[in-house]
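First up is the structure itself, then whatever we jot down about it.
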Amino acid sequence: MLEVIGLSKKYGKTLAADNVGFTVPDGKVGILLGPNGAGKSTVIKSIAGLLRYKGTIRIQGMDSRTIEAKKHFAYVPEIPYMYEALTVREHIEFITRAYGVEASEEEIESLFDKFDLTDKQNKLGNELSKGMMQKVSICCALITKPDVVLLDEPMVGLDPAAIKELKAVILNLRDRGCTVLISTHMLEMVKELWDVTFVMDKGHILGTYARENLANEDLEELFFQVTGQAEKTENASVTESDSTSVNGR
């Protein structure tokens, strides 16, 4: 379980996250959804332990800042970082040693096969494309067998086959009882994955929506209404229509 309680973060005088709170239970996929600049990255980096903040974050009931909590947690950043002098396989070995987890050769090979890395396991970090680095980052997260997984814009940079495989992995994690939180502004990429969605804009959670409670409502339309994007879209359409009418007469 992932719990965020009263999370606030300022950059100078700018309040990027204002008393943000939400919970993703065990065995559920949560989506932190919002436009660019909504404050998602601030929340994600706070959960991952990359920022100082006010408030409380719990992982499996433990303060997220503790070593014990971090053992249950894995993070896939939007922009992956690789050690230039380590090979793909050495990245996996480094992570297993850092977390103190056992990983069999079969488990490692299975991950490499899923993400088309088998023939690239001896390449150095500085020889990889962004898409390949993203795949390695995902493998490093999964090899720790986490209970809580945080993915920040995970589909960006991946090829269609890798996106399909990652979606299957996310659903498998959910079925195993893991907690998954995905931060994104691309709803179409996660529309078949989510159990609960938190709509965020301007540093606030504007609404929390469980799939089973939406009935026939469309989440995308709801998102546009809640964030005020629907009005902007309508105004843009009217402006474009007027322009076409004027220019076409």
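All of these numbers come straight from a predicted model, not from anything done at the bench.
Heavy-atom neighbours of Lys130 NZ from other residues, nucleotides or ligands within 6.0 Å: above the threshold of 12. Annotation: Glu84, atom CD; neighbour count of heavy atoms from other residues, nucleotides and ligands within 6.0 Å does not exceed 12. For Glu102, the CD atom sits in a loose shell: 12 or fewer heavy atoms of surrounding residues, nucleotides or ligands are nearer than 6.0 Å. Environment of CD1 in Ile5: crowded, with over 12 heavy atoms of neighbouring residues, nucleotides or ligands closer than 6.0 Å.
Within the structure, every pair that satisfies the side chain to side chain donor-acceptor pair (under 3.5 Å) test and touches residues 70-79, not counting sequence neighbours, is listed here: His72-Asp147. Every pair passing salt bridge (charged side-chain N to carboxylate O under 4.0 Å, His left out) that includes a residue from residues 107-117 is listed here, sequence neighbours excluded: Arg89-Glu109, Glu107-Lys145.
Looking at Ile47 and Ser64, their side chains never come closer than 4.5 Å, going by heavy atoms from C-beta outward. Between Phe115 and Leu142 there is a side-chain heavy-atom pair separated by less than 4.5 Å.
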- Start with the C-alpha gap between Ile143 and Tyr99, add the side-chain angles, then the distance that decides, and say whether side chain to side chain contact (heavy atoms under 4.5 Å, CB included) holds. CA-CA 10 Å; Ile143 202 65; Tyr99 274 77; over 6 Å; no
- Task: Given side chain to side chain contact (heavy atoms under 4.5 Å, CB included), test Asp159 with Lys135 step by step and report yes or no.
- Result: CA-CA 10 Å; Asp159 56 71; Lys135 292 179 182 181; 3.0 Å; yes
- Intermediate values then yes/no, side chain to side chain contact (heavy atoms under 4.5 Å, CB included), Phe224 and Leu187: CA-CA 11 Å; Phe224 285 131; Leu187 181 56; over 6 Å; no
- Task: For the pair Leu2 and Ile59, evaluate side chain to side chain contact (heavy atoms under 4.5 Å, CB included) and give the outcome as yes or no after the intermediate values.
- Result: CA-CA 5 Å; Leu2 172 66; Ile59 295 171; 4.2 Å; yes
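Tyr53 carries Arg65 over the face of its six-membered ring, with the cationic atom under 6.0 Å from the centre and within 45° of the normal.
Closest of all the heavy-atom pairs between Gly34 and Phe223 is CA-CE1, 3.9 Å. When every heavy atom of Met82 is checked against every heavy atom of Val136, the shortest pair comes out as SD-CG1, 3.6 Å. Contact detail for Val76 and Ala141: the closest heavy-atom pair is CG2-CB, 3.6 Å. The two residues Val43 and Ala17 have their closest heavy-atom pair at CG2-CB, 4.4 Å. Residues Glu127 and Lys123 share a closest heavy-atom pair of OE1-CA, 3.4 Å.
Note on Tyr209: it does not cluster hydrophobically with Met200, by side-chain heavy-atom contacts below 4.5 Å among ILVMFWY residues. Criterion: ILVMFWY side-chain heavy atoms under 4.5 Å apart, direct or through other members. Under it, Leu86 and Leu128 are part of a common hydrophobic cluster.
Under the 3.5 Å distance criterion, the side-chain polar atoms of Ser46 are matched with a main-chain donor or acceptor of Thr42. When atom types are taken as modelled, the side chain of Thr87 and the backbone of Leu124 share no donor-acceptor pair closer than 3.5 angstrom. Remark: side-chain polar atoms of Thr208 are not paired, donor with acceptor, to backbone N or O of Phe198 under 3.5 angstrom. Side chain of Asp195 to main chain of Val29: a donor-acceptor pair is present (N/O by atom type, distance under 3.5 Å, no hydrogens or angles).
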